[in-house]
Q: 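Below is a structure I'd like to ask you about.
Lettering follows sequence order; numbering is per chain, from 1.
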Protein chains: 2
Amino acid sequence: MSQQAYLKGLLEPIILKLLQEHGSLYGYEITQMVKTLTAGDIQITEGALYPLLHKLESSGLVETDLRTMQNRQRKYYSLTQDGKKATAQALDGLQRFVQHLQLILKPQTA
Amino acid sequence: MSQQAYLKGLLEPIILKLLQEHGSLYGYEITQMVKTLTAGDIQITEGALYPLLHKLESSGLVETDLRTMQNRQRKYYSLTQDGKKATAQALDGLQRFVQHLQLILKPQTA
DNA sequence: AATTATACCTAAGAAAATTATGCATCTCCC
DNA sequence: GGGAGATGCATAATTTTCTTAGGTATAATT
């Protein structure tokens with residue numbers, strides 16, 4: 001079982017968290033950021049990332065603005081007001097989930 | 001986003017861990033154990049559990065024996081030798097993954 | 001006697017990823 | 001000047017994995 005398998009379902013809160021933390025990011029930047037943070041262990045594929053970003057945009061949680069830097073077009077994503085609320089909730093839920101997970105993964109007495 | 005969504009991909013290592021910890025368990029017992037451990041927050045549905053147990057059995061990671069207790073038939077699952085090795089590896093990987101996840105979820109300087 | 005809990009199972013569908021592409025620009029190196 | 005690799009976006013077919021919704025049967029509770 002690869003590390004990747006565990007990522008299922010967690011991509012969305014991870015992206016929201018990164019946007020919360022950094023203000024605005026573009027897609028490719030997100031993939032590189034996660035890769036760097038996890039020493040290459042976790043890799044967000046573009047085939048998963050872009051459709052998810054589009055979904056978040058169409059549901060109003062993020063908004064985009066296009067910027068051109070040295071002839072490179074980048075689409076920057078940032079949280080909307082709705083997105084900020086949703087992110088806070090999602091991260092609360094995820095933290096609870098991780099605590100439960102740790103509980104299961106620790107040696108048990110029960 | 002429900003807590004359940006985060007479970008994707010994690011069911012298998014969780015089951016392996018519980019079997020490692022408890023020796024042998026039957027299906028229904030696993031669902032109740034997780035429910036209790038997480039105060040009802042995480043719920044393993046039978047539609048996900050049984051097919052997964054069957055997959056683990058057919059791939060040789062677990063083996064079963066049927067026992068009848070007060071007219072109740074239970075199918076107990078336990079790790080094979082292969083299963084024990086696979087479990088150790090899976091849990092190593094999962095621990096690494098969770099650490100990476102925590103890294104992403106904590107406030108960042110970079 | 002009916003409901004809930006225990007205990008197993010499968011099938012259709014949905015969700016969310018992987019894998020495999022495609023396009024375009026820029027930088028580095030030979 | 002030409003190729004390789006990085007940057008940057010995107011979509012489509014397929015696969016994996018789960019949810020939802022059923023089905024069967026026995027035991028305990030009300």
Side-chain angles (χ1 to χ4, degrees), chain A residues 1-16 18 24-36 40-59 61-62 64-77 90 94 97 101, chain B residues 1-16 18 24-36 40-59 61-62 64-77 90 94 97 101:
Chain A
M1 169 118 49
S2 83
Q3 291 280 89
Q4 289 304 96
Y6 302 137
L7 199 58
K8 270 177 197 283
L10 297 172
L11 250 184
E12 182 170 325
I14 286 175
I15 290 172
L16 292 176
L18 290 175
S24 75
L25 298 169
Y26 58 98
Y28 188 77
E29 192 178 13
I30 292 175
T31 66
Q32 299 308 305
M33 194 172 278
V34 170
K35 199 167 155 187
T36 301
D41 240 13
I42 298 179
Q43 216 134 322
I44 294 183
T45 62
E46 301 188 328
L49 178 64
Y50 288 114
L52 183 48
L53 287 173
H54 299 162
K55 193 199 78 175
L56 291 174
E57 186 179 15
S58 71
S59 64
L61 300 185
V62 304
T64 61
D65 71 301
L66 280 138
R67 300 180 211 159
T68 306
M69 330 271 285
Q70 59 259 21
N71 276 2
R72 286 293 175 88
Q73 246 206 344
R74 295 170 174 172
K75 192 190 267 190
Y76 279 85
Y77 289 84
L94 184 48
F97 177 80
L101 186 58
Chain B
M1 167 117 50
S2 84
Q3 291 282 88
Q4 289 305 97
Y6 301 138
L7 201 58
K8 259 185 201 286
L10 297 172
L11 250 184
E12 182 170 326
I14 285 175
I15 290 171
L16 293 175
L18 291 175
S24 75
L25 298 170
Y26 59 98
Y28 187 76
E29 192 177 14
I30 292 174
T31 66
Q32 299 308 305
M33 193 172 278
V34 170
K35 199 165 154 186
T36 302
D41 239 14
I42 297 179
Q43 215 136 322
I44 295 184
T45 62
E46 300 188 331
L49 178 64
Y50 289 114
L52 183 48
L53 287 173
H54 300 161
K55 194 200 78 178
L56 291 173
E57 185 179 14
S58 73
S59 65
L61 299 185
V62 304
T64 62
D65 72 301
L66 279 138
R67 299 178 212 160
T68 307
M69 330 271 285
Q70 59 261 21
N71 276 1
R72 287 294 174 90
Q73 245 204 347
R74 294 170 175 172
K75 193 191 267 189
Y76 279 83
Y77 290 83
L94 183 48
F97 177 79
L101 185 58

Q: Looking at C:dC26, C:dC9, C:dA7, which one has an atom nearest to any side-chain atom of B:Tyr26?
A: C:dA7
Q: Hey, does A:Leu25 have a side-chain heavy atom less than 4.5 Å from the side chain of A:Met33?
A: yes
Q: For B:Arg74, report the nucleic acid contact type (base, sugar-phosphate, nothing); a contact means any heavy atom under 4.0 Å.
A: sugar-phosphate
Q: Let me know, please, whether A:Gly47 or A:Gln73 comes out on the 5' side of the other along DNA chain D by nearest nucleotide.
A: A:Gln73
Q: Whole-Å distance between D:dC18 P and A:Leu10 CG?
A: 12 Å
Q: Looking at DNA chain D, which of residues 50-59 of chain B put a heavy atom within less than 4.0 Å of it?
A: none
Q: Between A:Val62 and A:Leu53, what is the shortest heavy-atom contact and its length?
A: CG2-O, 4.1 Å
Q: Can you tell me how far C1' of C:dA24 sits from OH of A:Tyr28, to the nearest Å?
A: 14 Å
Q: Quick one: closest heavy-atom pair of A:Gly9 and A:Pro13, and the distance?
A: O-CD, 3.8 Å
Q: What integer distance in Å separates A:Leu66:CG from D:dG8:P?
A: 13 Å
Q: Whole angstroms only, please: what is the CE-P distance between A:Met33 and D:dT7?
A: 13 Å
Q: With the side chain of A:Thr45 defined as its heavy atoms from C-beta on, choose the nearest nucleotide among C:dA7, C:dT19, D:dT19.
A: C:dT19
Q: What is the distance, rounded to the nearest whole Å, between atom CG of B:Leu49 and atom C1' of C:dC8?
A: 11 Å
Q: Among D:dT19, C:dC9, D:dT7, find the nucleotide with the atom closest to the side chain of A:Gln32.
A: D:dT7
Q: Please pick, from D:dC18, D:dA10, C:dC9, the nucleotide with the shortest atom-to-atom distance to any side-chain atom of A:Tyr77.
A: D:dA10
Q: Quickly work out the A:Lys75 NZ to D:dC9 P distance and round it to whole Å.
A: 8 Å
Q: Taking all atoms of both residues into account, what is the closest heavy-atom pair of A:Leu56 and A:Ile15, and its distance?
A: CD1-CG2, 4.3 Å
Q: I'd like to know if A:Glu29 pairs up with A:Arg74 as an ion pair, taking the criterion as any Lys NZ or Arg NE/NH1/NH2 lying under 4.0 Å from an Asp or Glu carboxylate oxygen.
A: no
Q: Base, sugar-phosphate, or nothing for B:Gly27, non-hydrogen atoms under 4.0 angstrom?
A: sugar-phosphate
Q: Can a donor-acceptor pair under 3.5 Å be found between the side-chain atoms of B:Glu46 and the base atoms of C:dC8?
A: yes
Q: Return the minimal non-hydrogen interatomic distance between A:Glu57 and A:Thr64, and the atom names on each side.
A: OE2-OG1, 3.1 Å
Q: Measure from CG on B:Asn71 to P on D:dA27 and round the result to the nearest Å.
A: 5 Å
Q: Are B:Glu12 and B:Lys55 packed together at the side-chain level, in the sense that at least one heavy-atom pair is separated by less than 4.5 angstrom?
A: yes
Q: Roughly, in whole Å, what's the span from OH in A:Tyr76 to C1' in D:dC9?
A: 14 Å
